[in-house]
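Presented below is the structure to which this report refers.
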Amino acid sequence: MATPSMAANARRDGRQGNQLRPPAMDLRPLLRADGSARFRFGDSAVVAAVFGPREPRSRHRELFDRATLEIVVRPAVGIPGPKERQMEAHLARQLEHVVLSTEYPRTQISVVVQLSSCDGSVAACAANAAALALLDAGVAMRATALSVAVAVKQTGGSPVLWLDPTAAEEAQCESLVTLAVDSSRNQLVSNISSGAALDAATWASCIEAGAKSCKVLEAFMRMSLQKRLETFLKPS
Amino acid sequence: MDAELLQRFNPEEFYRHFLADGLRPDGRQLRQSRAAELRKGALGSACGSASLRLGRSSVLAGVRAELATEEALGRVEVSVELPALAGALFREKHRALGLMSFLSNTLTELLNSPAVFDPAQLAVQKEVCWMLNVHILCLNYDGNAFDLCLLAAIAALEDTRLPALMAESGEVPRLAVAAPGSELVAEARQLALLARPLPTTFAQMPGGQWVLDPCAAEESLGASVSLCLVEGRWLVFHQGGGADAGRFLEELMPLARGEMSKLTRLLEN
């Protein structure tokens with residue numbers, strides 16, 4: 001069987017197959033939230049805000065031994081639909097794993113994710129923004145799980161992988177894999193396939209490519225956070 | 001401590017005791033699925049229907065066919081409903097809605113994919129075609145919603161027989177379900193899938209072991225992954241938990257492949 005390749009030729013913006021769009025992050029763009037972050041991959045941008053840990057608004061949300069996580073995803077235009085609800089559920093499962101919720105019993109942590117411009121890999125962007133906002137709010141987490149998307153295009157011979165696809169590239173490709181990786185433990189935190197099914201080897205190379213770029217993304221995040229956290233890191 | 005108390009207050013420890021012996025609290029082995037019971041044609045009023053039980057989980061699926069005009073191609077629309085009746089877990093609306101949208105979206109996409117379903121069989125005339133609404137209602141929830149809903153949807157679609165049509169004269173001529181003895185425009189026909197997408201779900205236990213066909217208590221302990229095999233290729237839905245991707249490839253995918261013959265037998269009887 002032909003191995004999946006990361007050919008450069010056909011990408012419209014001239015990127016290599018394994019090249020991310022330039023990521024950008026901005027901590028605390030919103031001043032009234034307990035923590036907030038903006039994350040972008042090229043033209044896809046998402047803002048996330050975290051409120052809490054605080055007292056839950058209703059009693060039945062309160063869990064005696066841990067915090068309740070509430071995720072709200074708002075689309076760029078219009079009212080939330082099934083797609084946003086699915087994203088909410090997915091983020092909730094992922095963040096429940098990442099956040100050390102037993103540290104904050106009987107509280108609620110709300111994460112509000114506002115999609116502000118959608119040009120492909122939106123789910124990955126949203127997950128990254130949410131993770132950064134939680135980091136900014138100082139919520140205890142067991143891992144930094146960052147997220148990327150990989151699109152797979154079936155050509156005659158071997159399938160072609162495109163990392164971090166734009167909306168136009170997503171439309172051209174048959175399948176899309178969105179994954180989150182905890183790079184320090186080298187663990188897959190979540191993986192959602194959509195579109196056509198993939199054979200095992202192609203899926204494995206998607207995961208490998210995704211894991212590599214999550215590492216790169218984490219290094220980038222560390223670099224951008226260094227400035228902000230300097231005051232904390234400096235020995236007194 | 002009392003076993004029931006331990007299960008409630010420290011489920012991880014409770015499970016660890018069992019897993020050490022290679023068993024699960026309901027008496028199953030780690031790689032053993034629950035008894036499945038499928039009944040096709042469970043509803044008289046739908047074009048096709050099926051009810052499926054998997055241990056204590058049970059769902060009911062019905063297909064309603066509607067004539068649509070000015071649509072180029074027919075489609076399958078799946079909607080999954082998890083009412084509070086099915087389990088206390090869904091009393092919280094927000095949580096239930098998330099799982100419902102995930103299942104509805106994923107199954108709709110899966111059943112409309114060109115490898116699985118040929119929309120040409122829904123065509124009636126130029127610009128008239130059938131739209132299929134698959135409604136899945138969960139009656140009792142005890143884990144493994146993905147397998148349950150997908151298998152029920154497949155069984156209901158395979159049970160579906162589209163009614164014969166006749167032309168109805170009136171102010172606006174239109175098509176209607178044929179009365180006996182009338183002149184037919186389209187014959188009644190049975191639906192068929194090009195390939196069956198077959199699902200297998202695993203949940204991760206505290207010790208890092210994966211168990212097949214998890215019940216609700218096992219799902220709440222950590223990550224779960226649903227693998228769906230479509231014509232020898234995989235769709236992977238893994239949510240909420242750290243896992244080694246290598247184990248998916250080496251351990252879970254061969255196991256899931258081994259389950260296929262059992263699922264095919266279930267759907268074919």
Side-chain angles (χ1 to χ4, degrees), chain A residues 58 60-61 64-65 68-73 80-98 142-143 145 154 159 174-182 184-204 206-208 210-211, chain B residues 9-10 79-80 88 91-106 108-110 112-116 195 197-198 204 208 219-220 222-250 252-254 256-257:
Chain A
S58 68
H60 75 269
R61 287 258 173 94
F64 70 92
D65 61 343
T68 330
L69 267 174
E70 186 200 36
I71 319 284
V72 179
V73 176
K83 229 167 103 192
E84 280 74 29
R85 263 186 243 122
Q86 183 182 342
M87 206 187 275
E88 276 170 15
H90 177 64
L91 276 179
R93 290 285 306 264
Q94 182 170 323
L95 295 178
E96 260 164 33
H97 167 70
V98 172
R142 80 178 85 231
Q154 305 286 353
E174 284 83 8
S175 355
L176 180 73
V177 178
T178 303
L179 64 149
V181 177
D182 169 2
S184 58
R185 292 194 192 84
N186 215 359
Q187 279 183 334
L188 188 63
V189 173
S190 73
N191 172 89
I192 295 291
S193 312
S194 71
L198 296 171
D199 50 50
T202 314
W203 182 76
C206 282
I207 299 297
E208 198 186 333
Chain B
F9 287 102
N10 197 349
S79 63
V80 177
R91 214 179 47 183
E92 203 188 315
K93 259 282 163 42
H94 204 78
R95 198 188 183 92
L97 270 178
L99 187 56
M100 270 152 63
S101 337
F102 166 68
L103 290 170
S104 308
N105 292 351
T106 313
T108 303
E109 197 187 308
L110 191 53
N112 279 306
S113 69
V116 174
L198 292 175
Q204 196 175 31
E219 271 182 350
S220 66
S224 63
V225 58
S226 295
L227 303 173
C228 189
L229 190 67
V230 191
E231 284 196 310
R233 291 165 171 240
W234 297 96
L235 283 170
V236 183
F237 304 97
H238 165 59
Q239 286 186 312
D244 181 8
R247 274 188 84 177
F248 284 12
L249 290 166
E250 288 151 20
L252 302 189
M253 285 184 178
R257 238 178 238 282

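Residue numbering restarts at 1 for every chain, and letters A, B, ... go by the order of the sequence lines.
For the set B:Ser101, B:Pro197, B:Gly98, B:Pro114, the count of heavy-atom pairs under 4.5 angstrom toward chain A peaks at B:Ser101. When each of B:Arg95, B:Glu231, B:Met253, B:His94 is checked for heavy-atom pairs under 4.5 Å with chain A, B:His94 comes out on top. If you tally non-hydrogen atom pairs under 4.5 Å between each of B:Asp244, B:Val230, B:Leu103, B:Asn105 and chain A, the highest count goes to B:Asn105. Each of A:Ala145, A:Ala92, A:Gly195, A:Gly81 has some count of heavy-atom pairs under 4.5 Å with chain B, and the biggest count is that of A:Gly195.
Atom CD of A:Gln86 sits about 10.5 Å away from atom CG of B:Leu99, to the nearest 0.5 Å. We find the OG-CD distance between B:Ser113 and A:Glu174 to be 12.0 Å, quoted to the nearest 0.5 Å. The line from OG1 of A:Thr202 to CZ of B:Arg233 is 6.5 Å long, rounded to the nearest 0.5 Å.
In this model, no donor atom of one side chain and acceptor atom of the other lie less than 3.5 Å apart for A:His60 and B:Glu92.
Between B:Phe9 and A:Phe64, the ring planes lie perpendicular to each other; the angle is over 60°, past the 30° to 60° tilted range.
For A:Arg61, the part lying under 4.5 angstrom from a heavy atom of chain B is the side chain only. Neither the backbone nor the side chain of B:Ser79 comes within contact range of chain A; no heavy atoms are under 4.5 Å apart. Of the atoms belonging to A:Ile192, heavy atoms from both backbone and side chain fall under 4.5 Å from chain B. Contacts between A:Ala196 and chain B at a heavy-atom distance below 4.5 Å involve the backbone alone (N, CA, C, O). Using a 4.5 Å cut-off between heavy atoms, B:Ala115 makes no contact with chain A at all. Residue A:Ile71 touches chain B through its backbone alone, counting heavy-atom pairs closer than 4.5 Å. Heavy-atom distances place no part of A:Ser175 under 4.5 Å from chain B, backbone and side chain included.
Although no hydrogens or angles enter the test, the distance criterion places no donor-acceptor pair under 3.5 Å between the side chain of A:His90 and the main chain of B:Gln239. Between the side chain of A:Asp182 and the main chain of B:Gly242, no donor-acceptor pair closer than 3.5 Å is present.
Atom CZ of A:Arg142 sits in a crowded spot, with more than 12 heavy atoms from other residues, nucleotides or ligands closer than 6.0 Å.
Side-chain contact check for B:Phe102 versus A:Arg93: every heavy-atom pair is 4.5 Å or farther apart.
When every heavy atom of A:Ile207 is checked against every heavy atom of B:Ala245, the shortest pair comes out as CG2-CB, 3.7 Å. Nearest heavy-atom pair, A:Ala204 versus B:Leu249, reported as atom, atom and distance to 0.1 Å: CB-CD1, 3.4 Å. Pairing each heavy atom of B:Val236 with each of A:Asn191, the nearest pair is O-ND2, 3.0 Å.
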